[in-house]
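One is the number of the first residue; the rest follow in order along the sequence.
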Amino acid sequence: MGELLGVAVLGAGHMGADHIRRLGRVVSGARVAAVADPDPARAKEAVAGVEGVSVHTEAEAALDAPGVGAVLIASPGPAHEEALLGAFARGLPVLCEKPMVPDPAGALRVLEAEARLGRRLAQVGFMRRYDAEYRRLKALLDDGRLGQPLMLHCTHRNVSSPPGFTSAMLIDSSVSHEIDAARWLLGQELTAVTVLRPRPSSGAPRGLLDPQFVVFETDGGALVDVEVFVNCGFGYEVRVEAVCEAGSARVGDDHGMRVTARGSAGTEVPQDYLVRFADAYDREVQDWVDATRRGRVTGPTAWDGYAASVVAEAGVRALEDGRRVPVDLAPRPALYG
């Protein structure tokens, strides 16, 4: 298919460094052409051993670097809007980690900017759509063998939350994945959200409302509940069970190695999302590279990124106000079907 796709990676933190590794060692058809991060030492460390890559402290400089034909945004969420608009202005296809843009107003500006172009350039990094188990569940629901979906029961647990993690971030950072997964699995929009708060765990930092129980309503009459517990202490667990008219299906139970020794048996529990969803990230980026080299843009759209931001904001208001909050989406541009 010709020469390698030169990718500018914006952000060299935990996620960005992993994508730099992935583009250099796992994915075929691409190379890291430029990296931008406000911390030049961190950026240089992330690209150590990578040949032909330029390092920058400003995103725009990386977008304009020689050999750049696409962009992967892995910087903090508040920087995404400017980076996306910069990529659009240069006609560069972009894979943007979630959240596309954290606030709905900014997400709408990005949506409208792409719609004005009349063609897609952005794919949003909701990697669960690329997980093998999630894909099997999606196929099962789509073929109708289990009848109409009635409920999704979701679990999202982390070992511990990072410093500065807030109660609102349980929804707009963690549950944002379930928001997109539910919309995709069901093929329905989320129309309202309620957040229930059990007693905080003694393992949670002081003042953090953890765990939470989030309930979404959909425009197809289904219900989605999410148990989010970001300081469970024992592992990273993500599960979803679809309950339908004629049966149920659950994914996410078995991922670690099972060890039997001296009269006992146990299964390893992943400690990090980069471990649990390693294959999904690899498949996501490979598919993006392949599509980009063919002149196409596939995967989750800017509409999906916008919808997730709107639903997450409604969820944060439901958490703060203790009431059911409707989801108010703008009209969907024709570009997104």
Applying side chain to side chain contact (heavy atoms under 4.5 Å, CB included) to Asp64 and Arg90, what does each step give before you reach the verdict?
CA-CA 9 Å; Asp64 292 329; Arg90 293 164 174 81; 2.6 Å; yes

May I have the step-by-step check of side chain to side chain contact (heavy atoms under 4.5 Å, CB included) for Asp287 and Arg283, ending in yes or no?
CA-CA 6 Å; Asp287 283 4; Arg283 192 174 295 111; 4.2 Å; yes

Test salt bridge (charged side-chain N to carboxylate O under 4.0 Å, His left out) applied to Glu241 and Arg239, step by step:
CA-CA 7 Å; Glu241 180 183 23; Arg239 290 191 292 269; over 6 Å; no

Give the C-alpha distance, both sets of side-chain angles, the deciding distance and a yes or no for side chain to side chain contact (heavy atoms under 4.5 Å, CB included) between Val9 and Val47.
CA-CA 10 Å; Val9 179; Val47 300; over 6 Å; no

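Under the 4.5 Å side-chain criterion, counting only non-hydrogen atoms from C-beta, Val27 is not in contact with Trp288. Put simply, the side chain of Leu95 reaches to within 4.5 Å of the side chain of Glu284, judged on heavy atoms. Proximity of His153 to Val243: side-chain heavy atoms (C-beta onward) are separated by under 4.5 Å at one or more points. Counting heavy atoms from C-beta outward, Leu140 and Arg136 have side chains that stay 4.5 Å or more apart. Contact of the Ile20 side chain with the Val53 side chain is not registered, since no non-hydrogen atoms from C-beta on lie closer than 4.5 Å. Between Arg157 and Glu227, some side-chain heavy-atom pair lies under the 4.5 Å cut-off. Two residues are said to be in side-chain contact when any heavy atoms from C-beta on lie closer than 4.5 Å; Ser174 and Phe229 fail this criterion. Considering only heavy atoms from C-beta on, Pro99 stays 4.5 Å or farther from Asp172 through its side chain.
Interatomic distance, CD1 of Ile171 versus OG of Ser176, reported as 10.5 Å (0.5 Å rounding). Taking CE of Met15 as the start and NE2 of His19 as the end, the distance is 3.5 Å to the nearest 0.5 Å. Atom CG of Asp225 and atom CG of Leu152 lie 8.5 Å apart (nearest 0.5 Å).
In this structure, Glu60 places its CD atom where only 12 or fewer heavy-atom neighbours from other residues, nucleotides or ligands lie under 6.0 Å away. Within 6.0 Å of CD on Glu245 lie more than 12 heavy atoms contributed by other residues, nucleotides or ligands. Open room surrounds CZ on Arg197; 12 or fewer heavy atoms of other groups in view lie less than 6.0 Å from it. Taking a 6.0 Å sphere around CD of Glu320, one finds it holds more than 12 heavy atoms contributed by other residues, nucleotides or ligands. Surrounding CD of Gln188 are more than 12 heavy atoms belonging to other residues, nucleotides or ligands, all under 6.0 Å away. Environment of CG in Asp328: sparse, with no more than 12 heavy atoms of neighbouring residues, nucleotides or ligands closer than 6.0 Å.
Panel note: side chain Ser309, backbone Val101; a donor-acceptor pair is recorded below 3.5 Å. Although no hydrogens or angles enter the test, the distance criterion places a donor-acceptor pair under 3.5 Å between the side chain of Arg293 and the main chain of Glu3. Between the side chain of Asn158 and the backbone N or O of Ser161, no donor-acceptor pair lies under 3.5 Å. In this structure, the side chain of Lys98 engages the main chain of Ser173 through a donor-acceptor pair within 3.5 Å. Side chain of Glu133 to main chain of Gly252: a donor-acceptor pair is present (N/O by atom type, distance under 3.5 Å, no hydrogens or angles). Proximity of a side-chain donor or acceptor of His56 to a complementary backbone N or O of Ala34 within less than 3.5 Å is not detected.
Results of the side-chain contact (heavy atoms from CB on, under 4.5 Å) test with Met100 over Thr301, Ile73, Leu84 single out Leu84 as the only residue that passes.
Taking the six-membered ring where tryptophan is involved, the planes of His177 and Phe126 are perpendicular, since the angle between them exceeds 60° and thus also 30°.
Note: the hydrophobic cluster containing Leu223 does not contain Val214 (ILVMFWY, side chain heavy atoms under 4.5 Å, direct or indirect links).
Counting only residues at least two apart or in different chains, side-chain hydrogen bond (donor to acceptor under 3.5 Å, both in side chains) contacts with residues 199-217 comprise Asp210-Asn231, Glu217-Arg324.
Side chain to side chain, Tyr336 and Glu114 meet the donor-acceptor criterion of an N or O pair below 3.5 Å.
Checked against side chain to side chain donor-acceptor pair (under 3.5 Å), Arg183 has the following partners two or more places apart in sequence or in another chain: Glu189, Asp304.
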